[in-house]
Amino acid sequence: MSREGKLRITGNTVKTAKRLLSYVTKSYKKEFVAVFFCIIISSIASISVSLSLKFLLDDFIIPLIGQANPDFAELYRALALLGTIFLCGVLATFCYTRLMVKIGQGVLKQVRDEMFEHMQTLPIRYFDQNTNGSIMSLYTNDTDTLRQMINQSIPQVLMSAITIVVTFLSMLLLSPLLTVLAVVMIGVLILVSGKIGGNSGKYFVRQQLDIAQITGYVEERMNGQRVIKIFNHEKVTEQEFDELNEKLCQSAANANTYANMMGPIIGNIGNLQFVLTAVLGGALSVAGIGNITLGVMASYLQFTRSFTQPFMQVAQQFNSIIMALAGAERIFAMIDAEPEVDEGYVTLVNCRKDEKGNIIECPERTGMWAWKHPHQADGTVTYTELKGDVRFFDMTFGYTEDKMVLHDLTLYAKPGQKLAFVGSTGAGKTTITNLINRFYDVQDGKIRYDGININKIKKRDLRRSLGIVLQDTHLFTGTIMENIRYGRLDATDEDVYAAAELAHADGFIRMLPDGYNTRLSSDGEELSQGQRQLLAIARAAVANSPVLILDEATSSIDTRTESIVQKGMDNLMSGRTVFVIAHRLSTIRNSDAIMVLDHGRIIERGTHEELLKEHGTYYQLYTGKLELS
């Protein structure tokens with residue numbers, strides 16, 4: 001569906017409908033067959049009420065008129081039979097309604113499970129290109145349209161279709177002549193409902209897109225409330241929201257205007273058909289043409305009255321179906337989004353060394369790791385001890401093909417070394433760390449980890465070997481204990497306590513009302529930014545990874561706290577290969593090597609003392625003659 005909301009039944013739309021229905025037919029085949037038969041029974045029972053008027057009048061009621069001692073036994077039996085048929089119809093309706101609720105909720109669960117499962121496989125690029133609000137709209141608004149379609153639209157359309165067919169056949173059986181008029185009116189009904197329904201569906205699709213846009217806007221502004229208030233942007237935000245809300249209001253108003261027109265117009269067409277049928281039927285009856293009796297007229301007029309109702313119901317459900325298909329296309333677009341490609345085959349395993357120094361793979365955690373490297377050529381397997389040797393060779397990268405961020409980058413970090421990256425915003429510092437953990441893959445060049453091309457390492461295992469503390473911390477709803485343990489799910493309570501002490505977070509945690517069992521919500525807003533940063537550092541500490549990436553890890557901590565945390569950080573970094581991105585140059589003075597980046601190129605490299613002697617960019621930054629932007 002285009003942004004303008006043009007309604008076109010294309011091959012893709014039909015494919016989407018088939019794919020959506022496959023959830024029903026594959027997982028709930030027996031239930032859906034039962035629903036189909038129940039709908040047939042319900043429809044036939046409903047038609048029987050109208051058809052029975054002819055037989056009741058012509059065969060039972062009229063013959064009894066004028067009799068001195070009428071015998072009502074046959075009439076009572078006919079009424080009992082009719083009542084039984086009607087009761088079966090009620091029970092069938094109850095059964096298929098309950099079954100459709102089960103099917104609808106089951107399908108929604110399946111779709112949501114599939115969406116969320118696939119979402120975990122998507123690359124970071126997908127989330128960079130789609131807003132959180134737009135993705136959330138898939139789980140809420142779009143799946144809700146599927147619920148309405150499955151629970152209401154599908155059974156209603158089936159019921160209406162069967163009713164139309166059975167009613168038409170009954171009308172044809174009663175009077176072929178009067179049915180000619182019905183066929184003409186059917187053509188008028190289809191033409192009118194198609195025209196109005198098409199316009200209504202167009203605006204309903206547009207409404208669904210506007211809802212997704214406004215959901216994304218609200219979600220973004222909720223997260224940025226502090227920024228909005230700091231810069232007094234309340235009025236501007238209100239105006240922007242009003243504009244989006246006005247678009248939603250217009251599309252919703254147009255959609256519902258056409259939808260509300262449908263009922264009265266089709267109803268009046270039905271009334272016109274009723275009048276024309278009565279006039280034509282009366283004329284044919286008086287003329288003795290077509291064998292039209294009083295019973296035939298009563299039943300036929302009843303059919304005429306109820307014949308337009310299914311068309312109205314189908315037209316009303318048409319809008320729900322169009323919205324559901326539009327939502328389904330968005331959902332399937334996410335499910336079909338290209339997952340993160342991982343062609344790696346080198347895995348990370350626990351190991352130990354035997355008496356001869358050979359690496360032996362172990363099932364239990366030993367504190368020692370090795371890369372398990374199967375060689376396809378001869379079928380052998382070699383093990384390389386994980387030490388944390390990371391090297392970049394002539395690496396070039398850009399988030400888009402036409403704009404490179406890094407150019408011919410070559411650097412190395414030996415096991416246990418601490419490398420720091422310095423440079424202005426956009427110089428490529430964070431990009432380097434994104435490439436180490438393969439959030440993105442390089443266009444040219446290589447990155448080797450312990451001598452292994454990281455493209456050969458499975459991403460899951462690669463990331464297990466990396467501990468990362470980002471500038472923007474994220475804490476999940478749950479206890480502090482659970483948030484720290486997120487770094488390693490099998491960590492014991494003692495491991496968590498040790499990690500918190502290492503990060504100097506243990507002190508403030510124990511001062512909280514419930515200590516480590518204190519529950520956090522809303523990204524840990526109960527805590528200060530510095531405290532949240534300490535928990536993020538503790539989370540990296542409990543992971544105990546041989547390589548550590550610190551992306552402005554202490555940026556939100558005050559100078560006094562930073563001096564305390566730095567001691568814990570030094571303990572955390574001891575024996576590990578560390579990549580540090582920092583604006584505070586005082587935190588990287590003891591780095592083994594400092595890389596000064598400018599527009600994706602290393603313009604200076606060396607130790608703190610070496611760079612100061614060069615009197616270059618780093619010297620100017622350190623002495624305050626040049627500020628980082």
Side-chain angles (χ1 to χ4, degrees), residues 3 118-136 138 212-213 216-217 219-220 223-224 330 333-344 390-413 419-449 453-460 462-463 465-466 468-474 547 549-553 555 579-583 595-603 605 628-629:
R3 178 60 189 85
H118 184 71
M119 189 176 72
Q120 305 309 305
T121 69
L122 294 176
I124 291 296
R125 187 186 303 274
Y126 179 87
F127 301 98
D128 290 342
Q129 295 173 349
N130 295 273
T131 65
N132 292 343
S134 177
I135 296 173
M136 280 302 303
L138 298 176
Q213 190 173 9
Y217 185 87
E219 190 270 344
E220 189 177 59
N223 291 337
R330 282 163 43 81
M334 192 265 258
I335 292 176
D336 293 338
E338 193 69 30
E340 191 172 29
V341 178
D342 188 2
E343 298 176 349
V390 181
R391 297 172 184 264
F392 291 67
F393 296 95
D394 303 319
M395 188 185 65
T396 298
F397 171 78
Y399 292 100
T400 58
E401 293 291 341
D402 57 342
K403 187 176 181 181
M404 293 295 110
V405 178
L406 300 175
H407 306 273
D408 299 323
L409 205 69
T410 297
L411 60 91
Y412 64 89
L419 263 66
F421 298 103
V422 178
S424 59
T425 301
K429 305 183 300 295
T430 300
T431 299
I432 292 175
T433 62
N434 285 338
L435 295 175
I436 294 173
N437 54 45
R438 288 194 68 194
F439 284 160
Y440 295 90
D441 286 324
V442 298
Q443 274 91 348
D444 194 16
K446 291 181 180 180
I447 303 176
R448 292 190 176 276
Y449 193 161
N453 190 329
I454 64 170
N455 290 336
K456 296 180 180 179
I457 303 175
K458 280 189 173 295
K459 290 183 178 181
R460 181 180 179 86
L462 172 67
R463 291 164 187 168
S465 72
L466 303 172
I468 302 177
V469 182
L470 301 174
Q471 179 179 4
D472 298 323
T473 62
H474 183 81
V547 176
I549 298 173
L550 306 176
D551 189 352
E552 301 287 355
S555 62
F579 294 91
V580 182
I581 297 173
H583 272 83
M595 311 287 175
V596 182
L597 295 171
D598 183 43
H599 294 91
R601 300 180 188 277
I602 299 176
I603 58 173
R605 71 176 77 199
L628 287 173
S629 58

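What you see is a predicted model, and the numbers here were worked out from it, not measured in a lab.
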Checklist entry - Any side-chain heavy atom of Leu419 sitting closer than 4.5 Å to one from Tyr412? => result no
Checklist entry - Atom CG in Leu409, atom CG in Asp444: separation rounded to 0.5 Å? => result 12.0 Å
Checklist entry - Which atom names give the shortest non-hydrogen contact between Pro339 and Pro123, and what distance separates them? => result C-CD, 4.0 Å
Item to check | Test item: Glu340 and Ile124 side chains (from C-beta on) under 4.5 Å apart, heavy atoms | outcome: no
Checklist entry - Tell me, do Asp128 and Phe439 make a side-chain contact under 4.5 Å, heavy atoms counted? => result no
Checklist entry - Can you check side-chain contact (heavy atoms from CB on, under 4.5 Å) on Asp342 and Arg438, steps first, answer last? => result CA-CA 10 Å; Asp342 188 2; Arg438 288 194 68 194; 4.1 Å; yes
Checklist outcome for this item: To the nearest 0.5 Å, atom CG of Asp551 lies from atom OG1 of Thr430 at 4.0 Å
Item to check | Distance (rounded to the nearest 0.5 Å) between Phe393 CZ and Thr410 OG1 | outcome: 8.0 Å
Next on the checklist: I need the minimum non-hydrogen distance between Phe397 and Leu435, along with the two atoms involved.
Outcome noted: CD1-CD2, 3.8 Å
Next on the checklist: Under the criterion side-chain contact (heavy atoms from CB on, under 4.5 Å), I'd like the reasoning laid out for Leu597 against Ile602: C-alpha separation, chi angles, the key distance, then a yes or no.
Outcome noted: CA-CA 5 Å; Leu597 295 171; Ile602 299 176; 3.5 Å; yes
Item to check | Any donor-acceptor N/O pair, Thr396 side chain to Asp408 backbone, under 3.5 Å | outcome: yes
Next on the checklist: What verdict does the side-chain contact (heavy atoms from CB on, under 4.5 Å) test give for Met119 and Tyr126, after you've listed the backbone C-alpha separation in whole Å, the side-chain angles of each residue and the deciding distance to 0.1 Å?
Outcome noted: CA-CA 9 Å; Met119 189 176 72; Tyr126 179 87; 5.7 Å; no
Next on the checklist: Measuring from atom CZ of Arg605 to atom CG of Leu411, what distance do you get when rounded to the nearest 0.5 angstrom?
Outcome noted: 6.5 Å
Checklist entry - Who pairs with Ile335 by side chain to side chain contact (heavy atoms under 4.5 Å, CB included), at least two apart in sequence or on another chain? => result Arg19, Tyr23, Glu114, Met115, Ile331, Phe332
Next on the checklist: To the nearest 0.5 Å, what is the distance between NZ on Lys446 and NZ on Lys456?
Outcome noted: 7.0 Å
Item to check | N/O donor-acceptor pair under 3.5 Å between Arg391 side chain and Arg448 backbone | outcome: no
Checklist entry - Regarding Tyr399 and Thr431, is there a side-chain donor-to-acceptor distance under 3.5 Å anywhere? => result yes
Checklist entry - So with a 6.0 Å cut-off around NE2 of His118, is the heavy-atom count from everything else above 12? => result yes
Checklist entry - Which heavy-atom pair separates Asn437 from Asn434 by the least distance, and what is that distance? => result OD1-O, 2.9 Å
Checklist entry - So, for Ile454 and Ile436, which heavy atoms are closest and what is the spacing to 0.1 Å? => result CD1-O, 4.0 Å
Item to check | Side-chain touch Asn455/Glu343, heavy atoms, less than 4.5 angstrom | outcome: no
Next on the checklist: Between Arg601 and Asp598 (salt bridge meaning N to carboxylate O under 4.0 Å), is one present in this structure?
Outcome noted: no
Item to check | Over 12 foreign heavy atoms within 6.0 Å of CD, Gln120 | outcome: yes
Item to check | Audit row: Met334, Leu122, side-chain contact (heavy atoms from CB on, under 4.5 Å) steps and yes/no | outcome: CA-CA 9 Å; Met334 192 265 258; Leu122 294 176; 4.2 Å; yes
Checklist entry - Any side-chain heavy-atom pair from Tyr440 and Val405 closer than 4.5 angstrom? => result no
Next on the checklist: Taking Ser424's backbone N and O only, do any of them form a donor-acceptor pair with Lys429's side chain (distance below 3.5 Å, no angle check)?
Outcome noted: yes
Item to check | Backbone N/O of Val341 and side chain of Lys459: donor-acceptor pair under 3.5 Å | outcome: yes
Item to check | Heavy-atom side-chain contact between Ile432 and Phe392 under 4.5 Å | outcome: yes
Item to check | Side-chain heavy atoms of Ile468 within contact of Arg463, under 4.5 Å | outcome: no
